[in-house]
Amino acid sequence: MTNGKLNFTFMKELDLLKKDWQKNDAFEQVSEKDIYTMLHKKSSSVVKWILIVSILEFVVLNGIGLLFPDDHLPPYLSKMEYYLDILQIISYGVTFFFIHLFYRNYRSISSTSSSKNLMETILKTRKTVQYYIGYNLAYIVLMFSAGFISAILEDPIVSQKIATHKIIYLVLFLFVLIVAGIVWLFYRLIYGFLLKKLKRNYEELKKIDL
């Protein structure tokens with residue numbers, strides 16, 4: 001009888017323990033689902049802000065460009081007006097292409113329903129932003145370099161001064177680096193802040209996915 005009671009008590013406690021485990025498993029599943037929902041919402045918001053910032057950047061920079069019409073260009077740059085216009089059109093096309101990619105990433109991240117797809121979209125968005133920043137830095141360096149080369153080749157006063165003072169080459173080179181550095185810091189501040197948020201969300205999703 002004693003052994004029967006002990007067995008009965010043991011089985012009862014085992015059933016209670018199993019029920020407790022099931023409750024804990026259910027709690028973990030609900031918790032992970034809630035975490036995913038929160039991370040999905042945050043990531044979608046960040047990608048939306050990347051899209052908004054890129055559009056605002058395009059509008060503001062081109063609005064500033066309208067304040068400096070082409071008729072105020074130096075003579076040596078006026079000779080390059082045709083090529084500058086072509087570069088400008090190419091720049092518009094590339095910028096619109098990146099804005100389109102940001103929009104696609106936003107649509108993709110808003111409609112995804114799995115942690116794996118969300119993680120893939122976060123990685124894709126981060127790479128797109130990095131390429132966008134790299135393109136803008138390269139474009140700025142190219143434009144300033146082309147302007148300086150044109151001044152050296154076409155403006156006799158500039159070419160004479162450079163022939164006399166070779167250090168001007170170094171000054172121009174440092175100037176381009178400084179401008180590129182300022183632009184890089186701007187992108188680092190704005191887009192870098194958003195990318196850090198996406199990276200944190202990605203790391204949290206990895207924990208859930210494991």
Side-chain angles (χ1 to χ4, degrees), residues 21-67 86-144 177-210:
W21 284 344
Q22 291 174 355
K23 288 180 181 178
N24 288 335
D25 289 342
F27 176 76
E28 288 178 0
Q29 291 174 4
V30 172
S31 178
E32 286 184 359
K33 184 178 179 181
D34 290 342
I35 292 173
Y36 168 78
T37 302
M38 178 187 66
L39 291 174
H40 179 260
K41 184 177 180 180
K42 285 185 176 181
S43 300
S44 178
S45 176
V46 171
V47 176
K48 180 177 72 173
W49 272 109
I50 289 174
L51 172 63
I52 292 173
V53 170
S54 65
I55 294 173
L56 289 176
E57 178 190 348
F58 176 80
V59 172
V60 171
L61 291 180
N62 284 279
I64 294 175
L66 294 175
L67 299 177
I86 292 177
L87 282 175
Q88 192 72 19
I89 292 172
I90 294 174
S91 175
Y92 286 159
V94 175
T95 302
F96 284 138
F97 173 71
F98 274 109
I99 290 176
H100 173 68
L101 290 181
F102 292 148
Y103 175 73
R104 284 183 58 184
N105 289 338
Y106 172 64
R107 287 287 301 272
S108 177
I109 206 169
S110 298
S111 60
T112 188
S113 58
S114 70
S115 59
K116 182 179 178 181
N117 291 337
L118 180 56
M119 291 168 67
E120 289 176 353
T121 306
I122 288 176
L123 288 178
K124 187 186 297 184
T125 301
R126 284 175 56 83
K127 286 182 179 179
T128 305
V129 173
Q130 290 166 357
Y131 291 146
Y132 175 71
I133 294 173
Y135 159 75
N136 279 292
L137 290 175
Y139 178 77
I140 288 170
V141 171
L142 175 64
M143 290 296 290
F144 274 95
L177 286 183
I178 291 172
V179 171
I182 292 172
V183 174
W184 180 82
L185 286 174
F186 168 77
Y187 283 127
R188 182 76 175 174
L189 178 65
I190 303 299
Y191 290 102
F193 173 74
L194 296 172
L195 290 183
K196 282 183 179 179
K197 284 190 170 185
L198 281 181
K199 185 177 181 180
R200 283 198 298 266
N201 293 349
Y202 179 83
E203 295 299 329
E204 292 297 325
L205 284 166
K206 278 178 64 177
K207 295 176 184 178
I208 296 176
D209 196 53
L210 292 176

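Throughout, numbering of the chain's residues begins at 1 and tracks the sequence. What's counted below: heavy atoms across the whole structure, side chains too, no hydrogens, waters or symmetry copies.
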Query - Euclidean distance, His100 NE2 relative to Thr95 OG1, rounded to 0.5 Å - result: 14.5 Å
Report task. Indicate yes or no for a side-chain donor-acceptor contact from His40 to the backbone of Ile109 under 3.5 Å, with no hydrogens or angles considered. Result -> yes
Query raised in the report: How many angstroms lie between atom OG of Ser44 and atom CZ of Arg107, to the nearest 0.5 angstrom?
Result: 11.5 Å
Query - Gap between atom NZ of Lys42 and atom CE of Met38 - 0.5 Å precision - result: 4.5 Å
Query raised in the report: Looking only at heavy atoms, which two atoms of Leu118 and Ser43 are closest? And how far apart?
Result: CD1-CB, 4.2 Å
Report task. Can you label the angle between the Tyr132 ring and the Tyr187 ring as parallel, tilted or perpendicular, going by 30° and 60°? Result -> perpendicular
Requested in this report: Decide yes or no on side-chain contact (heavy atoms from CB on, under 4.5 Å) for Ile50 and Leu198, but give the supporting numbers first.
Outcome: CA-CA 11 Å; Ile50 289 174; Leu198 281 181; 4.1 Å; yes
Query raised in the report: How about Tyr131 and Phe98: are their ring centres within less than 6.0 Å of each other?
Result: no
Query - Main-chain N/O of Lys124 paired with Thr128 side-chain donor or acceptor, under 3.5 Å - result: yes
Report task. Dump the intermediate steps for side-chain contact (heavy atoms from CB on, under 4.5 Å) on Ile86 and Ile90, then the final yes or no. Result -> CA-CA 6 Å; Ile86 292 177; Ile90 294 174; 4.0 Å; yes
Query - Non-hydrogen side-chain atoms of Val129 and Ile133 separated by less than 4.5 Å - result: yes
Query raised in the report: Where is the tightest heavy-atom contact between Arg126 and Leu195, given as atom of each residue plus distance?
Result: NH1-O, 2.8 Å
Query raised in the report: Is a side-chain N or O of Ser45 found less than 3.5 angstrom from the main chain of Lys41, in a donor-acceptor match?
Result: no
Query raised in the report: Is the backbone N or O of Leu51 less than 3.5 Å from a side-chain atom of Ser54, with the two atoms forming a donor-acceptor pair by type?
Result: yes
**Report entry** For the student: nearest non-hydrogen atoms of Ile122 and Tyr202, plus distance
**Finding:** CG2-CB, 4.0 Å
Query - Evaluation steps, side-chain contact (heavy atoms from CB on, under 4.5 Å), between Phe58 and Ser91 - result: CA-CA 11 Å; Phe58 176 80; Ser91 175; over 6 Å; no
Query raised in the report: Asn62 and Tyr92: side-chain contact (heavy atoms from CB on, under 4.5 Å), yes or no, with the steps?
Result: CA-CA 10 Å; Asn62 284 279; Tyr92 286 159; 2.8 Å; yes
Query raised in the report: With a cut-off of 6.0 Å (strictly less than), are more than 12 heavy atoms of other residues, nucleotides or ligands near OH of Tyr135?
Result: yes
Query raised in the report: Rounded to the nearest 0.5 Å, what separation is found between the CE atom of Met119 and the OG atom of Ser114?
Result: 10.0 Å
Query raised in the report: Would you call Leu189 and Phe193 a side-chain contact if the rule is heavy atoms closer than 4.5 Å?
Result: no
Report summary line: Taking every heavy atom of Thr121 against every heavy atom of Ser108, the minimum-distance pair comes out as OG1-OG, 3.5 Å
Report task. Would you give the length of the straight line joining atom CD1 of Ile140 to atom CH2 of Trp184, rounded to the nearest 0.5 angstrom? Result -> 14.0 Å
Query raised in the report: What distance do Asn136 atom CG and Glu57 atom CD have between them, rounded to the nearest 0.5 Å?
Result: 5.5 Å
